[in-house]
Chemist: 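A single structure is presented below for examination.
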Amino acid sequence: MKKHKILRNKWKKIRRKLRRQIKAVKREEFLQKQEQDRLNSPSYQKWLKSQEESEEFERSENERIVTMQYTKWVEREYAAMEEWKSIQKKLDKIKQEKAQKELLIKLEWEREQKKIKETEENKKKEQQQREEINAKFIEEIEMYINNLGPLPESINVSTNTRPDQPLCPFFSKVAACRFRDNCSRNHVRPGISNTLLIPGFYKNFELNMRYEREFDIDISLECDEKEAYEKFNEFFEDILVELRSYGQIIELNVCRNQEIHLMGNVYVQYRSRRHSLKAYRNLCGRFYGGRKITAEFCNIPSWSEAVCGLFFRKMCPKGKNCNYLHLYKNPGGKYQSKPQRNRNENSSHSHRENNSGNRERELQSRTNKEKRNNSQREKRPMDSLSQREASNTPQWDNTPDRQNKSSGSLNWDSDED
């Protein structure tokens, strides 16, 4: 039963397939006939012709459009090529200008380098010339110090702070002024002289004014006169060995003024300018007690005019503010002229300052007198001077000199040590 059902289904399927095939053949024949009728129809022929014409027109139009687009593209390409060429020309021009600028910059740099090189060479030549001049100048100074040649003319030139103003009376007498170079008067500094000034060389508790402002005005009582002179004598004996090694000393004075421009100044007057120049050369740049030494040449026309005569008599009305020299007394009066009584000594310092104009007129005459006295001193025999020094202070003659390595003056130092 089941097998019959299966066969029946297969037969139905085959029959349906045959039926569809027959219908498909009929439909194909109908379509062929319909197509043949349509081809034979004049309206269809006309439509086909119109379609062919339209297609031909569209084809020709498309060709025309393509040709026109190609022509435009060619024109654009030509314009682009022309623009590219112009841009390339501009770029080449810019490159040429840049190359020219770089060449100019290079040439300018080479000129600058050449100029710098020439400047450096000129500087080296100038420096070499200056070194040669300095070496020659130092050689001339050495020859002058060793008494083998004359004094160089370039060193014997005075300097003026205010040449158009009258001379400063205090600077002309003591070679120092409280206003320094700001003074309204003229300060004349000699190029070389036989007197050497070492500013602020001597330092002591008594001379240090900072303690008065820091503690009390009575702080100076902590250092009495005896103790001050004990320290001064040690300092004097220490520097005397060094200063005498450069030449014969005529005057050696140490200031005990408490004015800034005079405090601790040391004046050394040698027998000749040769000795003072030797001392100047050896002292400048050295150190004493941890402080650098600076020295300068000065003119002291008259020690009696520079030294305050009332100080040793304890009658100076100015006291610490006096602008004349208040000196320590050297041990045994060694290398120190005795204070002389001047005609204006009984008057006050204010009267001396008011009559500074008259003093200036007398300065030249007293300077000439002092020069005559110095020339008379220079004419004295060396033997008599050495005998007088030995008779007055024999203990200083045995003091070891600067060349002795066992010397006890340990405060001295130099750049070469």
Side-chain angles (χ1 to χ4, degrees), residues 1-137 181-182 415:
M1 187 71 183
K2 187 176 181 181
K3 186 175 180 181
H4 176 75
K5 189 174 180 180
I6 293 171
L7 291 173
R8 187 179 177 183
N9 290 333
K10 287 183 178 181
W11 173 249
K12 285 182 178 180
K13 186 175 180 181
I14 293 170
R15 193 172 53 183
R16 283 194 303 270
K17 183 177 179 181
L18 292 173
R19 196 179 295 152
R20 285 194 303 271
Q21 288 178 353
I22 293 170
K23 286 182 179 180
V25 170
K26 289 181 180 180
R27 187 172 62 251
E28 186 67 25
E29 289 177 355
F30 177 75
L31 290 175
Q32 288 180 359
K33 184 180 179 181
Q34 189 177 3
E35 182 68 21
Q36 188 67 31
D37 293 339
R38 189 176 59 182
L39 290 174
N40 295 327
S41 175
S43 61
Y44 181 72
Q45 292 295 329
K46 188 177 180 181
W47 179 80
L48 285 177
K49 188 177 181 180
S50 64
Q51 288 294 322
E52 289 177 357
E53 289 177 357
S54 63
E55 288 177 358
E56 183 68 21
F57 176 77
E58 186 177 359
R59 183 175 57 79
S60 61
E61 187 69 17
N62 289 335
E63 289 180 355
R64 185 185 67 80
I65 291 172
V66 169
T67 304
M68 184 180 64
Q69 289 179 352
Y70 177 77
T71 305
K72 290 183 179 179
W73 175 81
V74 170
E75 291 177 356
R76 287 197 302 270
E77 286 294 320
Y78 180 78
M81 289 293 294
E82 293 293 330
E83 185 178 0
W84 181 81
K85 290 180 180 179
S86 63
I87 291 173
Q88 291 299 317
K89 289 180 180 179
K90 290 181 181 179
L91 290 176
D92 293 338
K93 187 177 180 181
I94 291 171
K95 287 180 180 180
Q96 291 178 359
E97 292 177 354
K98 186 177 179 181
Q100 291 178 357
K101 287 182 180 180
E102 289 178 352
L103 182 61
L104 292 175
I105 291 171
K106 185 178 180 180
L107 294 175
E108 184 70 20
W109 181 81
E110 290 178 353
R111 285 196 297 269
E112 289 293 331
Q113 292 297 318
K114 186 176 180 181
K115 189 183 295 184
I116 291 171
K117 189 176 180 180
E118 291 177 355
T119 305
E120 290 178 354
E121 290 178 355
N122 294 331
K123 285 183 179 179
K124 288 181 180 179
K125 291 181 180 179
E126 291 177 358
Q127 185 177 0
Q128 187 176 1
Q129 291 177 357
R130 286 196 299 268
E131 289 177 355
E132 291 177 356
I133 293 172
N134 291 336
K136 185 178 179 181
F137 180 70
D181 290 340
N182 296 325
D415 296 337

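Hydrogens, waters and symmetry mates play no part in the numbers below; they use all other heavy atoms, side chains included. Just so you know, residue 1 is the first one in the sequence shown, and it goes up from there.
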Chemist: Roughly how far, to the nearest 0.5 Å, is the CD atom of Gln69 from the CZ atom of Arg64?
Modeler: 10.0 Å

Chemist: Tell me, please, which residues at least two apart from Glu63 pass salt bridge (Lys or Arg N to Asp or Glu O under 4.0 Å).
Modeler: Arg59

Chemist: Contact between Lys49 and Glu53 at the side-chain level, heavy atoms closer than 4.5 Å - yes or no?
Modeler: yes

Chemist: With ring pair (Phe, Tyr, Trp, His ring centres under 6.0 Å) as the rule and sequence neighbours excluded, what pairs involving residues 17-63 come up?
Modeler: Tyr44-Trp47

Chemist: Would you give the length of the straight line joining atom CG of Asp92 to atom NZ of Lys89, rounded to the nearest 0.5 angstrom?
Modeler: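 One finds 9.5 Å between CG of Asp92 and NZ of Lys89.
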
Chemist: Identify, with sequence neighbours excluded, every residue that meets salt bridge (Lys or Arg N to Asp or Glu O under 4.0 Å) alongside Arg27.
Modeler: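 Here no residue qualifies.
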
Chemist: Lys13 and side chain to side chain contact (heavy atoms under 4.5 Å, CB included): which single residue from Arg16, Lys10, Lys17 fits?
Modeler: Arg16

Chemist: Does Arg8 CZ have over 12 foreign heavy atoms under 6.0 Å away?
Modeler: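 Counting neighbours around CZ of Arg8, 12 or fewer heavy atoms of other residues, nucleotides or ligands fall under 6.0 Å, so no.
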
Chemist: Applying salt bridge (Lys or Arg N to Asp or Glu O under 4.0 Å), can you list everything that pairs with Glu83, at least two apart in sequence or on another chain?
Modeler: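 By the salt bridge (Lys or Arg N to Asp or Glu O under 4.0 Å) rule, Glu83 matches no residue at all.
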
Chemist: Glu102 versus Lys98: any side-chain heavy-atom pair under 4.5 Å?
Modeler: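 Yes, close enough: below the 4.5 Å cut-off.
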
Chemist: Would you check if Ile133 and Arg130 make a side-chain contact, meaning some heavy-atom pair closer than 4.5 Å?
Modeler: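 A side-chain contact under 4.5 Å is absent here.
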
Chemist: Is there a donor-acceptor pair closer than 3.5 Å between any side-chain N or O of Ser41 and the backbone N or O of Asp37?
Modeler: no

Chemist: Quick one, Leu18 and Gln21 - any side-chain contact, counting heavy atoms below 4.5 Å?
Modeler: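 A side-chain contact exists here, since the closest heavy-atom pair is under 4.5 Å.
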
Chemist: Please determine if Glu108 and Arg111 form a salt bridge, counting it only when a charged side-chain N lies under 4.0 Å from a carboxylate O.
Modeler: yes

Chemist: Enter the distance from Gln88:CD to Ile94:CD1 here, rounded to the nearest 0.5 Å.
Modeler: 10.5 Å

Chemist: Which distance, rounded to the nearest 0.5 Å, do you find between the NZ of Lys117 and the NZ of Lys124?
Modeler: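 Spacing of NZ (Lys117) from NZ (Lys124) equals 9.0 Å.
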
Chemist: Please report the interatomic distance CD(Glu112) to OG1(Thr119), rounded to the nearest 0.5 Å.
Modeler: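 Going from the CD atom of Glu112 to the OG1 atom of Thr119 covers 9.0 Å.
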
Chemist: Taking side-chain hydrogen bond (donor to acceptor under 3.5 Å, both in side chains) as the definition, give me every residue that meets it alongside Tyr78, ordered by chain and number, with sequence neighbours left out.
Modeler: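 Per chain and number, Tyr78 pairs via side-chain hydrogen bond (donor to acceptor under 3.5 Å, both in side chains) with Glu82.
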
Chemist: Could I get the full list of salt bridge (Lys or Arg N to Asp or Glu O under 4.0 Å) partners for Glu131, not counting sequence neighbours?
Modeler: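 Glu131 satisfies salt bridge (Lys or Arg N to Asp or Glu O under 4.0 Å) with no residue once adjacent residues are dropped.
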
Chemist: Atom OG1 of Thr71 and atom CZ of Arg76: how far apart are they, to the nearest 0.5 Å?
Modeler: 10.5 Å

